[in-house]
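In what follows, chains are A, B, ... by sequence order, proteins preceding strands, each numbered from 1.
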Amino acid sequence: MHALTTLSPPSARLRLRQVSRTYANGVRALRGISLDIPAGLYGLLGPNGAGKSSLMRTIATLQPMDDGTITFDGDDIFANVTAHRARLGYLPQDFGVYPGVSAQVLLDHLALLKGLIHKGERRAQVDALLQQVNLWEHRTRAVSGYSGGMRQRFGIAQALLGAPQLLIVDEPTAGLDPMERTRFYNLLSEVGEQVVVLLSTHIVEDVRQLCARMAIVVQGQVVREGVPDELVRELMGRVFIRTVSRQQSFASSPALRELSRTLHAGRARVRLLATPERADVPHETAAPTEPTLEDVYFDALAESSSS
Amino acid sequence: MTRLLGLAAFELRYQSMRLTFLATLLCLAFIPFALVATGFGPRADAVNGAFIVTESLAIVSLVSVFALPLLCVHAMLRDDEHGMRPLIDVQPVQRGVLLAVRFAVVLSLLLAVLLCCTALLAALPAVLPVRPDRLVAFELAPYARAFVWLVLPNALWCTAILCAVAAATRSTLATFVGAVCIYAGYLVTALMVDSPLMAGTRPSTPELLARVAVLDPFGLSAFFEQTRYLPPTQRSDYVLQVRGHLLQNRLLVLGLAALCVAPLLWLDARAARGTARLRVLGAWWPRRVRRVVNADRVTPATHVVPIVQPHTHGLFSWWQTARAVAALESRVLLRSWPLLLLLVVWVVVISIEADGQLRSGDYGTRVMATTSQLAGAVPQALELLGALCVLYFAVEVFGRARVVHFAGIRDATPAAGTAMLAGKLLALFMVPLLLTVTGYGTTVAVHLAAGGLPIEWDVLVAHVLVSLLPLAITTAMAAALHVLLGQRWLAMLAGLVLLVFRGQGAALGAEHPLWRFGAAPAITWSDLSGYGPGLVSWFAFQATWVLGVVVWLTLAAGLWPRGEVLPLLTRLRRAPTLLQQGLGHHGRRALLVVALLFVCTVTGMAWTTTVHQSWTSSREALAHRADYERRYAHLMRVAQPSITHVELSVDIVPRAARAAISGTLQLTNTTTQVVDTLYVTFPTSVARVTWTRRVPQFTVHAADSVQRVYTLALARPLLPDSTMVLPLDVQLDGGGIRADGNPVDIVANGTYLHSTEFLPRFGFVRGRVLRDSVERQALGLPVLRDTMLLAPASHSDSLSAAAAQQGQSPAWYSATVTIHTDHDQVAHGPGQLVSSSEAEDSGAGAPSGRRSFTYARRTPGTPAFVISSGRYAVLRDTVHTAYGAIPVEVWHNPRHAAPAARLLAVSARSLTQLVQDFGAYPHDVLRVIEVSSQWRFGAYAMPGSIYLTESRGMLSDARADDVDLLLRRIGHEIAHEWWGHAVNPLDVEGRLLLVETLARYAEQLLVQRTQGEATVRAMLGFEEDRYFRSRWVGERPLLTIIDEDGLFYGKGALAMHAMRHLLGDSVVLRVARNVLTTHAGPRGTATAAGFVEALMTAAPDSAARRVVHEWFAERVIYDFAVDTAALLPSDAGTAVTAKFRVTRTALVDSAGQSVERTQPLDGEMLPVGLRGRDGRWDMLRARAVRGVVVLDTVVRWPVERVEIDAERVWLERDRSDNGKQRSTGT
């Protein structure tokens, strides 16, 4: 297991200690996860079924944990779930809406549920959020008739209701076109300056671009945690690239193992990782290359599976 | 084919392994269990006989409609609900094929469930304890035929309709509403054709029965039509015949099923294309409004999001959240077209029900529109459909957020679970509220359209509130179940089970309402007394359940699933934590307080309704009666004195439903033996009997407080013909909280207190004898001899001698009664008013003084009287007869002033005519007093007074052209002033012939004079139907009846009609007057045998004597049918040729058993009627020869119809084939 690069950042607001959860069907979704998450964007990476959504739902108090503690700004989130939810914004991976209800009405309804009980304030915030997510022109249309991007924008608008201190967004850019994605991330970055934003995504480079810190979760455990650039820097000089025929396999050796393989123009481009001790040894058939966060991700996955 | 089989196999496996399917199976399997365990059906029918089996299976198929949507929805909508539709639709299998397979599987599963029910129905009689007399040898055929011809087609068309609705609408709610509509359609069909199943009051004619038989979608009516006149023993052997109307009916429903299945694909495809359109259609109104609302909403100048901190604490925040949830849910609900459709169907159902209410007078007569009469159309339908709709809509309201994946967002908000639950609860309550408001609103519309008495808004509000409270409890229960169980279909099924148990649990042994959540004693409305004292009990139970649902709801709010829905057991295990999170400190404390309060209330209610107020289960009541017979049967042979005068003070407290009766009874020993001990038996309903006054004549030797039998040892034996005075001190209390409902005799307005409710009887009380042979056997009692109920006719000679010497037993008595009542009421007692006074009351809490009325019946009258008291208005008239003037009074509810005026006129007219018929009126006055409709009788005659229930005659609609019910009813009761209260026949078999049958005869005389002979014939149709439905192998001749209403009313009325035609009214009246002259008074010895003997003597010839004898002393029916008929018009008139088949069936004793013998009629002269276009009837007579009657004649006028026995003077089984119209040719 790779050592976690930074265990305790100085300004952690969200702290998880030994969080575990096993579902009724026996699946161990979370296995003793411990994390310290400061303000700003925090990325969660991991393969499907790794436990990211379970972790996020647990932090959103939507499911209980079997063991461990979670505190936000020092408060146990399960001790007073209402108080926690009052400062929470949550955008689930998949959400639906009541058919035939307009964005404005539905947002107003959610604002009320959120605790924005004064009509004027609520209306101002709803209108501003509709503007912010570029839905003002479509506010009277039923959300159930929105396109995927519009619906996702509605999702982030509702998550931002009530000025949340902790924003949990679970794979928010799935199905968005590049422009929408960029707009969405800009919005998140803007919000994330003051609050904790927990972002789960499969687009690894987005994490490097956006998140001050990140964690890679595999099989319910955190296998990497730290600042993305630092994690990448750790692999500096150890990543090589080699182009081989499609059928040719690469026999991993103690010194060099395959990280990933992509097909390109009928040939396979293989990224390889050398062990730290052997990194300075020249490899005849492989050319050194700049490491990426994706290399970190694959390295973490490989280590996790080998262990 | 392989693919289809594979699809079907998958579907079958998938659906049958679901928990909800298993729950459905269990729920439906409970029905046969309940039917067998409770001994469903008439007592004379075997529970495993063909009749009950067929009826039970048809009912099971009807009830399955409520569970069927579960299967249909899952089969037709799961692709959409679970987002699999695109994956399915791209597969190379046609959507229609897929849906057809799913339809077939749903049908197969339903049939499998129904087959299980059939098997259970067949097996359970052998397993459960069933009365031996209700079992016959097992036969497979009734089960098989009922399943194939009733259950299978019913399942097919119901499944087809619901699958089509699900596929076409792609809406769960619409499918459930479809199920409600099927049931509503069944109701509407039944009501529109006045089905006998709906307890319609219109006389059943063959045409009506045929119409019902063809249109009833569940085939029950067609089966009933086939078995209508079969006696129970034949019904048990009757195997369903698939012919005639039943065949037409089955073909009709199969055609309906085909119509639904065929366009399934088309509907589904159309719905797929048109969903958006439908939504737009459904949403156009709110959207337009919204546009207007938003028109002034300008684009914000900036999109900087203002920082607003959430407020998650405090009542205001809680209320805002609840309101928001309620608003959103209501918005979605109110814009859903299934709800609108439901409301439309509901309005139609209530309109037809309300029209039915207006036709609900006895014998199908029309009733004047009053608020309570029309409001009566709503409660029963609302209780059933409203509760079902609540359960169905709860699935939508509580399941929608998860189905559309909105729950994730919602649950992450800080909104309190209690607020969300409250909001959804409010939204769900919109459903019963809308149904209630539209239901009662419809009755108002019908009222305005029908005219009648003015609308009484206070009455309407009372009905609305009483309807809404149980529905509110059901709504809360449904909400709590959804939250606690966490699975929408299970919650719905659990709700259904609770509802069924609430309604039918008493039959399964859970008689006390506290065993059945939501149950309460029934209450009915009366214009005089409102809901009466029963309202207190009803409200106490409802309040208990309100507390109960508050506990449920508080628990549910605490366990409201946020995010992950944990399995029920897990949630229960984690309940303390979840409650801590969900409720908070104050919430938990509130839960504890409410739970404690509920427990205390239930405990208090249990004590109040079982200890403080006595509670007797039906089993215990039977045991008490058996015990009474065992302990006191010997008193039948013990000489006891009779009451010959009563001197009473009756102190009524109407609002408290209490009365204190004190005074004395003068007892006379009318026997020939010395009496040294009195066995005084009071009604078990009296609250207290006190023997405190020191009277030296007797000592209380024994007191049986259970049976209310007191044994008094007389200090000095009472010799024959000597008298003594017995003090009386009795308390009646009908108030308080009672589990079995409150008595309705003493009420705030309209008290009707019969003397049998407080006066004792002496010796053995025959009315307490158990009459059911199986119950007697089960309780170890000997076989009942009829002599325990009534003396045999052969004893009339000895009884006549005793009566002529000492007077009748029980003796007639005179009475002086002083009634004290509230200051605003007038009271009535036996005889004439002697004095009245008004006194200031010193009692604490009394608003003002009390009033006293003293009545005296100076000459002895039949041994009973009634005390009444109420806020009555009185109308008066005087009838001048050849024998003197008779005052006539009508005491009525002031709100019924208009019908009271007609009542007075009808009473005066009837009295005038009956005096002419029967001779001098035997009493001083005729008072007609309106009493509460909570009494089940139509009217009741006492000497000089008639008690008429407000809804059964009083409010009959004079504008209608049907038989005048008021005239019939009043005429009948006035006739009792002679037949019952002047002539009181001996207590021997046949006595009711002289009481009830002659009153029926008086009705015919009055109706014939006022409305004509055609109306009399229409009346007789009802009597015929009543008689044939009551017929069985143990039938007695009229001469020896005991208390069979099918005989003394039904056959008796037909017999008297036949006598009128055979002998003429003048002869019959002469015989009747002779009986009155000879036997009127306390020493009268009239018997049915004497009356019939007089009729035979008056008959002109032996043929007529034989007819008289056959009607009264035999059990004979006839069957006439037209074989061929030709009505050929010519210049000379009409040539009539007709041939009829005529048979006679007699019930005769053979080898100790009664058997039917049918033979062709030979030698009898039978009447054949010819009817012209103008309604003219000409009666001809033709002789029967070896079962055939031939008519061949020419008449000089155009004949429209030829019919045998058109005047209804023969007892004919089926009149539908008695004649032919000219237009039908030969």
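Only the side chain of Q158(A) comes within less than 4.5 Å of a heavy atom of chain B; its backbone N, CA, C and O stay farther away. The parts of F78(A) that come within reach of chain B are both its backbone and its side chain, each placing non-hydrogen atoms under 4.5 angstrom from that chain. Contact annotation for H118(A): only side-chain heavy atoms (C-beta onward) come within less than 4.5 Å of a heavy atom of chain B. Using a 4.5 Å cut-off between heavy atoms, V403(B) does not touch chain A at all. For A401(B), the parts lying under 4.5 angstrom from a heavy atom of chain A are both the backbone and the side chain.
Nearest heavy atom pair, residue F406(B) against residue G96(A), reads CD1-O, 3.2 Å. Shortest non-hydrogen contact noted between Q320(B) and I117(A) is NE2-O, 3.6 Å. Between D411(B) and R85(A) the shortest heavy-atom distance is O-NE, 3.5 Å. The two residues P92(A) and I409(B) have their closest heavy-atom pair at CD-CG1, 3.7 Å.
In this structure, T413(B) OG1 and H109(A) NE2 are separated by 8.0 Å, a value rounded to the nearest 0.5 Å.
The greatest number of non-hydrogen atom pairs below 4.5 Å with chain A, out of A324(B), A419(B), G417(B), G408(B), is found for A324(B).
Just one residue in the list D108(A), L106(A), L112(A), L110(A) forms a side chain to side chain contact (heavy atoms under 4.5 Å, CB included) with L328(B), and that residue is L106(A).
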